[in-house]
Amino acid sequence: MHVLVTGGSSGIGAATARAFGREGHRVTLTYRSGPDRAERVVEEIEKTGGTAAAVPMDLGDHEGIRAAVAAAGPFDSVIANAVMWGGDAPREESFEEVPAAHWSEMLNANVVGNVVLAQSVLPAMREKGFGRIVLVSSGIAEEGTPGSGPYGTAKMALHGLARTLAWQAGGDGVLVNVAAVGLTMTDSTAIPAQAFDAVARRTPARRLSTADDVAALLVFLGSAANRNLTGEIIREGSNAARSAHTM
Ligand SMILES: NC(=O)c1ccc[n+]([C@@H]2O[C@H](COP(=O)([O-])OP(=O)(O)OC[C@H]3O[C@@H](n4cnc5c(N)ncnc54)[C@H](OP(=O)(O)O)[C@@H]3O)[C@@H](O)[C@H]2O)c1
């Protein structure tokens, strides 16, 4: 299979690209600002005998997404993992103060960018009669958290997108699911280890996922091992059993 992992230059995306590489799949991973990090992931995959390449992709640049898919595709599987975190907007701003321009930028990248990505990869998947698309979401989509309106709203939109697309592409062998990821320690996770442990204690398994744990789920959903699961929202890690928060 040829797999596209967006945002494969760090964190969960890098772990997922490596995992697909280990399984013998050809991997194309995307980066936005970290070509060096992306190249390191490519080298790691190649060292273990895999085939990989890195290409730039910005979710906010829709023409660029189409061009990247045209140049690097076709793909059998797409892991839509890249995210515009939107950290530039101060979290302490009140809801009323978050500028409409920030909402537009976040939804344009994290929702419309992934719609354009799906539109770009689907024709080849339909022709082949096989495809897997996995949209990476967050527990914050359904739970909410103060100050993450644009991020959470964008992630929740991906749930609706998966449900629709599952119907629209299923007849052509394309399965579409959401992995709603819980708190995962990566290089970019900006919370102290102590807080991380506190969340872990409130999960059913008493531990949070590592990037490799999430990657294993994404590899399953994004490969032929997933034979007929589609339109589903899979909650994992600290997001696995939401009632755990009341334990
Ligand atoms: N980590 C968690 O606790 C957690 C929890 C729930 C859900 N998630 C979800 O899991 C996914 C991966 O998270 P992560 O923690 O691994 O993130 P991360 O380490 O920050 O990686 C984000 C990736 O997205 C790329 N990126 C950033 N802005 C982009 C843009 N505008 N267009 C295209 N690509 C862009 C980055 O590229 P460059 O580095 O090259 O700029 C990087 O490869 C995200 O969808 C996130 O919402 C994570």
Engineer: Can T51 and E46 be counted as having a side-chain donor-acceptor contact under 3.5 angstrom?
Structural biologist: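 No pair is found: no donor N or O on one side chain lies under 3.5 Å from an acceptor on the other.
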
Engineer: Has the side chain of N226 got a donor or acceptor atom that lies under 3.5 Å from a matching backbone atom of F220?
Structural biologist: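 Side chain of N226 to backbone of F220: no pair is present.
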
Engineer: According to a 4.5 Å side-chain heavy-atom criterion applied to Ile, Leu, Val, Met, Phe, Trp and Tyr, with indirect links allowed, do V214 and V5 form part of one hydrophobic cluster?
Structural biologist: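 Same cluster: V214 reaches V5 through Ile, Leu, Val, Met, Phe, Trp or Tyr contacts under 4.5 Å.
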
Engineer: Check this for me: E127, atom CD, are more than 12 non-hydrogen atoms of other residues, nucleotides or ligands nearer than 6.0 Å?
Structural biologist: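 Incorrect, the count does not exceed 12.
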
Engineer: Can you tell me how far the OG atom of S148 sits from the CD1 atom of I140, to the nearest 0.5 Å?
Structural biologist: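 If we round to the nearest 0.5 Å, S148:OG and I140:CD1 are 4.5 Å apart.
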
Engineer: Of all residues at least two apart in sequence or in a different chain, which pass the side-chain hydrogen bond (donor to acceptor under 3.5 Å, both in side chains) check with E232?
Structural biologist: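 So E232 forms no side-chain hydrogen bond (donor to acceptor under 3.5 Å, both in side chains) with any residue.
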
Engineer: Find the distance between CE (M106) and NZ (K155) and round it off to the nearest 0.5 Å.
Structural biologist: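 If I round to the nearest 0.5 Å, the distance is 9.0 Å.
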
Engineer: Run the salt bridge (charged side-chain N to carboxylate O under 4.0 Å, His left out) check on E63 and R66 step by step: do they pass?
Structural biologist: CA-CA 5 Å; E63 266 321 302; R66 291 187 189 98; 2.7 Å; yes

Engineer: When clusters are formed by joining ILVMFWY residues with side-chain heavy atoms under 4.5 Å apart, either directly or through shared neighbours, do I65 and L135 land in the same one?
Structural biologist: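 Same cluster: I65 reaches L135 through Ile, Leu, Val, Met, Phe, Trp or Tyr contacts under 4.5 Å.
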
Engineer: What's the verdict on salt bridge (charged side-chain N to carboxylate O under 4.0 Å, His left out) for E142 and R235, showing C-alpha distance, side-chain angles and the deciding distance?
Structural biologist: CA-CA 10 Å; E142 291 180 336; R235 300 179 183 89; 2.7 Å; yes

Engineer: Please check: side-chain N/O of T203 versus main-chain N/O of L208, any donor-acceptor pairing under 3.5 Å?
Structural biologist: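 Flag not set: sc T203 to bb L208 has no pair under 3.5 Å.
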
Engineer: Run the salt bridge (charged side-chain N to carboxylate O under 4.0 Å, His left out) check on D61 and R32 step by step: do they pass?
Structural biologist: CA-CA 11 Å; D61 172 9; R32 191 188 63 103; over 6 Å; no

Engineer: Please report the interatomic distance OG(S77) to CE(M1), rounded to the nearest 0.5 Å.
Structural biologist: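 That separation rounds to 4.5 Å.
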
Engineer: After noting the C-alpha distance and the side-chain angles of R132 and D76, does the key distance pass the salt bridge (charged side-chain N to carboxylate O under 4.0 Å, His left out) rule?
Structural biologist: CA-CA 7 Å; R132 299 287 181 270; D76 305 292; over 6 Å; no

Engineer: Measuring from L4:CG to I79:CD1, what's the distance to the nearest 0.5 Å?
Structural biologist: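 Answer for the CG-CD1 pair, L4 versus I79, is 8.5 Å.
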
Engineer: Tell me whether R126 at atom CZ has more than 12 heavy atoms from other residues, nucleotides or ligands lying less than 6.0 Å away.
Structural biologist: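 Yes, because the 6.0 Å sphere around CZ of R126 holds more than 12 heavy atoms from other groups.
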
Engineer: Any link between L165 and V112 through a network of hydrophobic side chains (Ile, Leu, Val, Met, Phe, Trp, Tyr) touching at under 4.5 Å?
Structural biologist: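 In one cluster: yes.
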
Engineer: Return the OG1 to CE distance between T28 and M57, rounded to the nearest 0.5 Å.
Structural biologist: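 Interatomic distance, T28 OG1 to M57 CE, rounded to 0.5 Å: 9.5 Å.
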
